[in-house]
Amino acid sequence: MTATPNQPEGGPQPGSGDAAVRAAAERAEKTRGRNIPEFDDLPGTGDTANLRMGPELNSACLALLPLVGVWRGEGEANHPSLDETYRFLQEVTFSHDGRPFLTYSSRAWKLDGPGGSIVEPAFRETGWWRPQPDDTIELLLTHSTGVAEMFFGKPKNQTTWELSTDAVLRTPTAEDVTAASRLYGVVEGSLAYVEERATSEHEMQPRLSAKLERVVG
């Protein structure tokens, strides 16, 4: 990194903390009043992706609190089996209903380039983040491609979570997956993640990465 007159090499830029706080406040003004849609004629308490609305977050999920919300942004996919690389638009939702788990859903669309037009729907995922008393996180994910994965992991710190698969289940027509790992982090208000995957013919290698911005919560 090259030093600038206002930024010593290897050190933070003066005032950058204040700027980050102001940026976070501006983002919150746009997102704090929004929540995921729900039907008002269902019994009980609905899901919420906004910590200001709905049921109180279960104390077991406090280590996952920064994830709660709806996030949107772009990323890149590298498919080891198909030798295919493409940009995608993604929406990720972390919500809860007051019980000791987060509900996770993700949908994506292929783009014709960075910031480009949507070409067609891409991957979809749904699952549950289940924190345990020993700080272990159980993550159960199912994919529209016929794959179900059981991840285990722990928080690396208050805003970073690392998980890897203990078991992978595939239908007879599913894509080829034998193992996976994921690293999530909330940095300066953005959610970034990287996924690596292995197949029966490829060792673990990057498959998905994205940087998402909060739109709800």
Side-chain angles (χ1 to χ4, degrees), residues 20-21 24-25 27-73 90-108 123-144 147-169 180-195 208 210-217:
V21 170
R27 286 193 298 267
E29 285 300 318
K30 298 177 181 179
T31 64
R32 65 188 303 153
R34 305 181 71 188
N35 204 356
I36 53 178
E38 65 175 278
F39 295 102
D40 58 9
D41 58 348
L42 292 176
T45 302
D47 289 353
T48 179
N50 190 325
L51 295 171
R52 303 173 182 86
M53 302 177 182
E56 183 176 351
L57 185 70
N58 192 286
S59 60
C61 294
L62 290 178
L64 303 176
L65 183 150
L67 293 171
V68 177
V70 179
W71 308 80
R72 291 177 185 163
Q90 185 178 25
E91 178 182 85
V92 169
T93 301
F94 290 90
S95 61
H96 75 99
D97 63 3
R99 289 184 286 178
F101 59 85
L102 297 187
T103 300
Y104 167 88
S105 64
S106 164
R107 54 192 309 189
F123 55 91
R124 296 197 67 165
E125 306 168 341
T126 187
W128 292 267
W129 290 60
R130 294 164 35 87
Q132 302 302 310
D134 63 354
D135 289 336
T136 298
I137 300 169
E138 300 173 357
L139 170 57
L140 306 177
L141 277 187
T142 56
H143 303 261
S144 56
V147 176
E149 298 167 325
M150 180 170 63
F151 289 81
F152 287 96
K154 284 191 174 184
K156 291 176 66 69
N157 53 50
Q158 292 183 339
T159 57
T160 307
W161 304 265
E162 187 172 26
L163 309 104
S164 58
T165 51
D166 181 72
V168 177
L169 177 68
S181 66
R182 291 195 175 192
L183 177 66
Y184 289 84
V186 176
V187 182
E188 296 184 352
S190 300
L191 173 63
Y193 76 90
V194 175
E195 183 206 71
L208 299 174
K211 181 179 180 182
L212 313 176
E213 303 301 328
R214 184 186 296 276
V215 297
V216 169

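Note: hydrogens, waters and symmetry copies are ignored here, and every other heavy atom, side chains too, is used.
Using a distance-only test at 3.5 Å, with no hydrogens or angles considered, no donor-acceptor pair links the side chain of Glu138 to the main chain of Thr136. The closest donor-acceptor contact from the side chain of Thr31 to the backbone of Gly217 lies under 3.5 Å. Listed for the Thr165 side chain is a donor-acceptor partner under 3.5 Å among the backbone atoms of Ala180. Of the possible donor and acceptor atoms, one in the side chain of Asn50 sits under 3.5 Å from a partner among the backbone N and O of Arg32.
Listed here is the closest heavy atom pair of Gly46 and Glu38: CA-OE1, 3.9 Å. Scanning all heavy atoms of the two residues, the minimum distance from Gly69 to Arg214 falls at CA-NH1, 3.6 Å. Trp71 and Pro66 make their closest contact through CZ2-O, 3.5 Å (heavy atoms, listed as atom of the first residue, atom of the second, distance). His96 and Phe101 get closest at one heavy-atom pair: CB-O, 3.9 Å. Considering all non-hydrogen atoms of both residues, Phe123 and Ser106 come closest at CE1-OG, 4.1 Å. The shortest non-hydrogen separation linking Leu102 to Val68 is CD2-CG2, 4.0 Å.
Here the CG-CG distance, from Leu65 to Asn58, works out to 12.0 Å after rounding to the nearest 0.5 Å. With rounding to the nearest 0.5 Å, the separation of CG in Leu141 from CH2 in Trp129 is 8.0 Å. Taking SG from Cys61 and CZ from Phe94, the interatomic distance works out to 12.0 Å, rounded to the nearest 0.5 Å. Atom CG of Asp47 sits about 5.0 Å away from atom OG1 of Thr103, to the nearest 0.5 Å. From Ser95, atom OG reaches atom CG of Leu67 across 12.0 Å, with rounding to the nearest 0.5 Å. Rounding to the nearest 0.5 Å places CD1 of Ile137 at 10.0 Å from CG of Asp134.
Within the 4.5 Å cutoff, the side chain of Leu140 has no heavy atoms near those of the Tyr104 side chain.
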For a side chain to side chain contact (heavy atoms under 4.5 Å, CB included) check, start with the C-alpha distance between Leu62 and Leu57, then their side-chain angles and the critical distance, and finish with the verdict. CA-CA 7 Å; Leu62 290 178; Leu57 185 70; 4.2 Å; yes
Does the pair Val187 and Lys211 meet the rule for a side chain to side chain contact (heavy atoms under 4.5 Å, CB included), with working shown? CA-CA 10 Å; Val187 182; Lys211 181 179 180 182; over 6 Å; no
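Val215 pairs by the side-chain contact (heavy atoms from CB on, under 4.5 Å) definition with Arg34, Val70, Arg72, not counting sequence neighbours.
Other residues, nucleotides and ligands contribute only 12 or fewer heavy atoms inside 6.0 Å of the NZ atom of Lys156. When the shell of 6.0 Å around CD of Gln132 is examined, it contains more than 12 heavy atoms from other residues, nucleotides or ligands.
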